[in-house]
Amino acid sequence: MKLVLMMLIMATGMYAQEHVYMWNPLVLDDKEKVWYDQSMTDSIKGNKMNIWILQMHKPPLTGEGINGEVYRSKTLYAINLKTVKYGILNVIYYDVSNKEMYNFKYNIDDYPENLKYTYPILENSFLFTLLKQIFDKTGEKSN
């Protein structure tokens, strides 16, 4: 009985730690297919946020060091809303059958602020469109 109870507690704990994605489409154009995790936008506090982005790649991505073609990628971005810059926390590549090919984790949490958010969010980028869409929905002022 104790064993069954311990297994149930462990299974419940593992389930509780798993993130449930709420993918919303980001309307860009007919060529680019991008979704964002709505559940992460509901908890924006202060000037920083993390958000998962899911992208479909047609044609598939290829490159040196990648064995096969990447048809889908999921990226966890760290965004500083005050400086309008971002960093990358995690990138996962998937093949044509949605099987995970590569999972790159970047430990930028320990970096100083100027190195954590190194990439500017440009006006013609999907991240700019995403932030505009989020703040238009919440009624907050966006730049």
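These values consider heavy atoms only, across backbone and side chains, with no hydrogens, waters or symmetry-generated copies.
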message: Check for me, please, whether Leu122 and Leu131 land in the same ILVMFWY cluster - side-chain distances under 4.5 Å, paths through other members count.
response: no
statement: Rounded to the nearest 0.5 Å, the CD atom of Glu69 sits from the CG atom of Leu61 at a distance of 9.5 Å
query: Measuring from Asn98:CG to Arg72:CZ, what's the distance to the nearest 0.5 Å?
result: 4.0 Å
query: Is there side-chain contact between Asp37 and Trp23, with heavy atoms separated by less than 4.5 Å?
result: yes
field: Asn24, Leu81, Thr41, Thr129 screened by side-chain contact (heavy atoms from CB on, under 4.5 Å) with Ile134, the one that passes
entry: Thr41
- request: Please assess Ile88 against Tyr77 for the test side-chain contact (heavy atoms from CB on, under 4.5 Å), listing each intermediate value before the final yes or no.
  value: CA-CA 5 Å; Ile88 297 174; Tyr77 291 92; 4.1 Å; yes
message: Please give me the minimum heavy-atom distance between Met49 and Ile44, naming the atom from each residue.
response: SD-CD1, 3.7 Å
- prompt: Would you say the side chain of Tyr21 lies within less than 4.5 Å of the side chain of Leu54, judging by non-hydrogen atoms?
  reply: no
field: Test item: Val84 and Phe128 side chains (from C-beta on) under 4.5 Å apart, heavy atoms
entry: no
- prompt: Does Tyr71 reach the side chain of His57, with side-chain heavy atoms less than 4.5 Å apart?
  reply: no
- line: CG (Asn67) and OG1 (Thr62) are apart, to the nearest 0.5 Å, by 11.5 Å
query: Within a strict 4.5 Å, meaning less than it, do heavy atoms of the Ile79 and Ile121 side chains meet?
result: yes
- prompt: Would Tyr102 end up clustered with Val96 when hydrophobic side chains under 4.5 Å apart are linked, directly or stepwise?
  reply: no
- prompt: Is it true that Lys85 and Glu113 make a salt bridge, defined as a side-chain N closer than 4.0 Å to a carboxylate O?
  reply: no
Distance (rounded to the nearest 0.5 Å) between Ile51 CD1 and Leu130 CG: 4.5 Å
statement: Between Ser39 and Met22, the two heavy atoms sitting closest are CB-SD, 3.7 Å
message: Contact between Lys116 and Asp109 at the side-chain level, heavy atoms closer than 4.5 Å - yes or no?
response: yes
Heavy-atom pair of closest approach, residues Tyr36 and Leu26: CD2-CB, 4.2 Å
- line: When rounded to the nearest 0.5 Å, the distance separating CH2 of Trp52 from CG of Leu76 is 4.5 Å
message: Could you tell me if the side chain of Ile108 sits less than 4.5 Å from the side chain of Thr118, heavy atoms only?
response: no
message: Assigning hydrophobic clusters by single linkage (Ile, Leu, Val, Met, Phe, Trp, Tyr; side-chain heavy-atom cutoff under 4.5 Å), is Ile66 placed with Met56?
response: yes
- line: When rounded to the nearest 0.5 Å, the distance separating OG of Ser125 from OH of Tyr86 is 7.5 Å
message: Could you report the tightest heavy-atom contact between Phe126 and Gln55, atom names first, then the distance?
response: CE2-NE2, 3.9 Å
query: When Asn90 is tested against each of Asn50, Asn103, Asn107 for side-chain hydrogen bond (donor to acceptor under 3.5 Å, both in side chains), which residue passes?
result: Asn103
- prompt: Is any side-chain heavy atom of Tyr106 less than 4.5 Å from a side-chain heavy atom of Val91?
  reply: yes
task: Give a yes or no on this: more than 12 heavy atoms of other residues, nucleotides or ligands lie within 6.0 Å of atom OH of Tyr93.
output: no
